[in-house]
Number of protein chains: 2
Amino acid sequence: MTVPQPLTADFFDPACPSRALPIRGGEKWSWKIMRCLEAGPRRFSELKVPLRGITPKVLAESLRALERDGVLTRTAYDENPPRVEYELTPLGRSLFGPMDAACAWAREHLDHLLAAREAYEQSSERSDG
Amino acid sequence: MTVPQPLTADFFDPACPSRALPIRGGEKWSWKIMRCLEAGPRRFSELKVPLRGITPKVLAESLRALERDGVLTRTAYDENPPRVEYELTPLGRSLFGPMDAACAWAREHLDHLLAAREAYEQSSERSDG
DNA sequence: CAGCATCCCCGTCGATACTG
DNA sequence: CAGTATCGACGGGGATGCTG
């Protein structure tokens with residue numbers, strides 16, 4: 001069970017699942033955008049409101065990346081004023097599974113985590129001065 | 001069900017679970033390090049081997065961050081030559097749950113994802129090129 | 001309204017060299 | 001062996017202004 005494995009790591013495989021996740025934590029806005037689309041299609045400006053502080057440039061970039069990965073669709077209506085709607089695909093919705101798992105973990109262990117962080121700060125203050 | 005929600009997003013809460021995850025995708029090596037420790041404690045140099053290409057600086061930084069979050073422990077033995085061992089905590093091991101969920105998703109939808117990407121490239125080549 | 005263009009900041013990551 | 005120090009590359013993200 002705890003016997004050392006050969007450490008053959010498949011994560012160097014370009015097709016490694018961990019590389020394929022459309023939602024990487026480093027991408028600050030992806031989760032938030034998806035949550036804002038969870039209840040149904042939204043327009044560009046409708047997304048800007050709940051995503052307080054996001055700039056149009058970053059929102060456009062993020063949406064394009066998610067569209068590229070087939071997580072959402074972009075539909076432009078030829079109207080005036082222009083209207084564009086973003087909507088999750090089934091593939092996108094399937095991401096809520098792992099996302100919820102991650103959030104559940106965080107909810108459950110948040111206290112523990114913050115305590116560990118604080119304890120670490122305390123112990124390093126002594127040496128840092 | 002698909003009725004638009006107020007879009008009250010709790011992810012602006014500093015205590016939002018999504019913010020608390022010790023493993024953010026942007027941190028390139030975190031998952032890999034944890035996988036390398038899954039089977040049991042490992043020394044610094046034992047980690048460098050499977051994590052091909054990681055520099056000692058980055059490995060040290062990453063380990064420190066994970067230690068700070070209580071995900072692993074660092075144990076230095078006062079020997080010569082020096083020996084330091086890293087080992088997952090129960091908290092760290094509990095992360096494999098959500099990690100596996102994410103990997104399972106990726107494994108299941110990788111084909112779909114790559115196809116979407118390719119299709120996107122195709123359709124944008126016409127306008128770009 | 002729905003973006004794009006431009007410039008800049010900063011954190012992660014990497015390469016290299018050095019130390020207790 | 002197990003790191004630290006320094007420098008630099010790179011990319012996400014932000015601020016501001018402009019356009020169809």
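Throughout, protein chains are lettered first and strands after them, A, B, ... in sequence-line order, and every chain is numbered starting at 1.
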Taken to the nearest whole Å, CD1/B:Ile33 to C1'/C:dC13 is 13 Å
B:Pro81 side chain: which of C:dG3, D:dC1, C:dA17 is closest?
-> D:dC1
Choosing from D:dA2, D:dT4, D:dT16, which nucleotide comes nearest the side chain of B:Arg64?
-> D:dT4
Give a yes or no on whether a salt bridge exists between A:Asp100 and A:Arg35, defined as a side-chain N under 4.0 angstrom from a carboxylate O.
-> yes
Side chain of A:Thr55 (C-beta onward), nearest among D:dC1, C:dC13, D:dA15 = D:dA15
Taking only Lys NZ, Arg NE, NH1 and NH2, and the carboxylate oxygens of Asp or Glu, determine whether A:Glu85 and A:Arg83 approach each other closer than 4.0 Å.
-> yes
Euclidean distance, atom CD1 of residue A:Ile54 to atom C1' of C:dA2 [Å, nearest integer] = 14 Å
Less than 4.0 Å between a side-chain N and a carboxylate O, is that true for A:Arg68 and B:Glu121?
-> yes
Counting side-chain heavy atoms from C-beta on, which of C:dG14, C:dC1, D:dG3 comes nearest to B:Val84?
-> D:dG3
Per B:Phe44 side chain, nearest of listed nucleotides D:dG3, C:dG3, D:dC1 = D:dG3
Quickly work out the A:Glu61 CD to D:dA15 P distance and round it to whole Å.
-> 14 Å
Could you tell me whether the phosphate oxygens of D:dC1, OP1 or OP2, come under 4.0 Å of any side-chain nitrogen or oxygen in B:Arg43?
-> no
How do B:Lys57 and A:Lys48 order along DNA chain C: which one's closest nucleotide is nearer the 5' end?
-> A:Lys48
Counting just side-chain N and O atoms, does A:Arg42 come under 4.0 Å of either OP1 or OP2 of C:dC1?
-> no
Value in whole Å for how far the C1' atom of D:dA5 lies from CG of B:Leu59 = 17 Å
When rounded to whole Å, the CD to P distance for the pair A:Glu85 and C:dA2 reads 9 Å
Answer with base, sugar-phosphate or nothing: what part of the nucleic acid does B:Tyr86 contact at a heavy-atom distance below 4.0 Å?
-> sugar-phosphate
A:Val58 has a side chain; which of C:dG20, D:dG13, C:dG3 sits nearest to it?
-> D:dG13
Rounding to a whole Å, what distance do you find between A:Leu51:CG and C:dA2:C1'?
-> 15 Å
B:Lys32 NZ to C:dT12 P, straight-line distance once rounded to whole Å = 17 Å
Are B:Trp29 and B:Ile54 close enough that some pair of their side-chain heavy atoms sits under 4.5 Å apart?
-> yes
Does B:Glu79 CD have over 12 foreign heavy atoms under 6.0 Å away?
-> yes
Figure out the OH/P separation between B:Tyr77 and D:dA2, and round it to whole Å.
-> 12 Å
